Amino acid sequence: MQGEGMGFSWVTLTTVLPVCGQVTALHSGKEIHGQIVKSKKRGDVPLLNSLMDMYAKCGAIDYCRKVFDRMQNKDITSWNTMISGYSINGQIEEAMALFDEMISNRIRPDGITFVALLSGCSHSGLTSKGKRLFHVMQNYGVKPSLEHYACLVDMLGRSGKLDEALAVVESLPMKPSGSIWGSLLNSCRLYGNVSLAETVVERLFEIEPNNPGNYVMLSNVYANAGMWEEVKRVREMMGMRGIKKDAGCSWIQIKHRIHTFVAGGSTDFRNSAEFCRIWSELSDATKKVGYVPDTEVVLHDINAEMKTMWVCGHSERLAAVYALINTGDGMPVRITKNLRVCVDCHSWMKAVSRVTRRLIVLRDTNRFHHFENGTCSCKDYW
DNA sequence: ATAGGGTTAG
């Protein structure tokens, strides 16, 4: 459009910014922000809302807050975007504080506000606070919808209260969705409850028979329990039904280019002199600060050496090494992954943030880990 | 035109 001399309107930018957010293209998002500043016209509310959302989804929560604070007019979307931004970035205290501020400013929260808060509580392990919130929201005239129940079930299950979670699902005033059963299945995986997983999956397959993630989760439940025959059965079932899983991949943006990595990586990159040098430096340094590969996360029936090779080749590590090589010392490393990070990569990232003194911001399917000097913003709660 | 719910083998 710009090449054709067409120019652009606020509507143009309002539609492009969410795309930057979705793929974590912070560099591109900042360029658009630059266009807004350059135009000297004040951005309107939807435009600034989508600018905030872009920053939040790129893990740049401080920039998001800056835009929010400078907005002269805010609507409910602005407040919700800020709260949800804090929530997905693991800053639940800030989310709660903003909610209080909203209330004292007499802004009426809506269903979306509570989805943001509840899912934040769930991901930070604030179970009792979340439960209270679930009741409190009804005082604000918000009736719990399926989405709110999904948060509640996830919150209970994730903190190990599987029975309580199941009881909620069974007493739901509406038909449970795939995400409700899926969340419960995930909790069974976290706590190694094979028999409940089997009950749950029966219901889940009625609703989402073609969702590859459900098969993988079930397979992982069995693998964790060492039930390799069952693992095989699940994989054969997938094969028979023609269900394929997208491979895990990670990417980073450097200037205008997006660099993508899959597990194992390209041999060109892994054999390059720079890769080998950084890799061996990191191996020594991370070992010194106590990092030991945890091969428990490799849910395949293979030997220990292969397992170590496998975890160390996970796509987010390759992306991290590439970023360390190709960005200036001290610059934050920003990685996005299409799946959740595994436990071992999580501890590796902590160690790397410490030995390189770099901030590492890792976004998985839809939330963030901020690694700094050996610790993570998620406080290791999954 | 902007904000919201679970998860994932290579």
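Heavy atoms only: backbone and side chains are in, while hydrogens, waters and symmetry mates are out. It should be emphasised that the depicted structure is a prediction, and the values quoted were computed from it without experimental measurement. Letters A, B, ... mirror the listed sequences (proteins, then strands); counts begin at 1.
- Rounded to whole Å, atom C1' of B/dG4 lies 7 Å from atom CD of A/Glu147.
- Shown here for A/His148 and A/Phe134, the closest heavy-atom pair between the two residues is O-CE1, 3.7 Å.
- Here the rule is side-chain contact (heavy atoms from CB on, under 4.5 Å) with A/Val67, and of A/Leu51, A/Ile36, A/Thr81, A/Asn49 only A/Leu51 fits it.
- The separation between A/Asp154 atom CG and B/dG4 atom P is 17 Å, rounded to whole Å.
- Between A/Gly248 and A/Leu339 the shortest heavy-atom distance is CA-CD1, 3.6 Å.
- Counting any heavy atom pair closer than 4.0 Å across all strands shown, A/Gly248 reaches sugar-phosphate atoms only and no base atom.
- The base of B/dT7 has none of its N or O atoms less than 3.5 Å from a complementary donor or acceptor on the side chain of A/Asn186.
- Taking every side-chain heavy atom of A/Asn211 into account, B/dG6 is the closest of B/dT2, B/dG5, B/dG6.
- Of all nucleotides listed (B/dT7, B/dT2, B/dG4), B/dT2 comes nearest to the side chain of A/Ser50.
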Worked check of salt bridge (charged side-chain N to carboxylate O under 4.0 Å, His left out) between A/Glu229 and A/Arg233: CA-CA 6 Å; A/Glu229 274 305 308; A/Arg233 197 171 54 80; over 6 Å; no
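- For the pair A/Phe8 CZ and B/dA1 P, the computed distance is 18 Å after rounding to whole Å.
- Side chain of A/Arg367, nearest nucleotide from B/dT7, B/dA9, B/dG6: B/dG6.
- Side chain of A/Asn80, nearest nucleotide from B/dG10, B/dA3, B/dG6: B/dA3.
- Within the nucleic acid shown, A/Met238 comes within 4.0 Å of at least one base atom, counting heavy atoms only.
- Note on A/Leu146: a base of the nucleic acid sits closer than 4.0 angstrom, heavy atoms only.
- Distance, A/Leu184 CG to B/dT8 P: 15 Å, rounded to whole Å.
- Among the nucleotides B/dT2, B/dT7, B/dG4, the one closest to the side chain of A/Pro18 is B/dT2.
- Residue contacts for A/Ser78: at a heavy-atom cut-off of 4.0 Å it reaches no nucleic acid atom on any strand shown.
- At the heavy-atom level, A/Lys57 lies under 4.0 Å from the strands shown only through sugar-phosphate atoms.
- In this structure, of B/dT7, B/dG4, B/dG5, it is B/dT7 that holds the atom nearest to the side chain of A/Asn214.
- In this structure, A/Lys74 is positioned above the aromatic face of A/Phe68, its NZ or CZ under 6.0 Å from the six-membered ring centre and within 45° of the axis.
- Checking B/dT8, B/dG5, B/dT7 against the side-chain heavy atoms of A/Lys245 singles out B/dT8 as nearest.
- Between the CG atom of A/Leu185 and the P atom of B/dT8 there is a distance of 10 Å, given to the nearest Å.
- Relative to the side chain of A/Arg235, the nucleotides B/dG5, B/dA1, B/dA9 differ in distance, and B/dA9 lies closest.
- Side chain A/Asn366 to base B/dG6: no donor-acceptor pair is found below 3.5 Å.
- One atom, CG of A/Leu98, and another, P of B/dA3, lie 18 Å apart when rounded to the nearest Å.
- A/Ala263 comes within contact range of the sugar-phosphate backbone alone, with a heavy-atom separation under 4.0 Å but no base atom that close.
- Note on A/Thr14: a base of the nucleic acid sits closer than 4.0 angstrom, heavy atoms only.
- One atom, CD of A/Glu208, and another, P of B/dG5, lie 15 Å apart when rounded to the nearest Å.
- A/Asp246 comes within 4.0 angstrom of nothing in the nucleic acid, heavy atoms only.
- Note: CE (A/Met102) to C1' (B/dG4) measures 13 Å, nearest angstrom.
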The test is salt bridge (charged side-chain N to carboxylate O under 4.0 Å, His left out); show your working for A/Glu206 and A/Arg203 and say whether it passes. CA-CA 5 Å; A/Glu206 288 168 15; A/Arg203 307 300 307 274; 3.7 Å; yes
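- Here the rule is side chain to side chain donor-acceptor pair (under 3.5 Å) with A/Arg340, and of A/Thr365, A/Asp364, A/Asn186 only A/Asp364 fits it.
- Taking only distance into account, the side chain of A/Thr15 never meets the base of B/dA1 through a donor-acceptor pair shorter than 3.5 Å.
- Nearest nucleotide to the A/Pro46 side chain, out of B/dG6, B/dT2, B/dT8: B/dT2.
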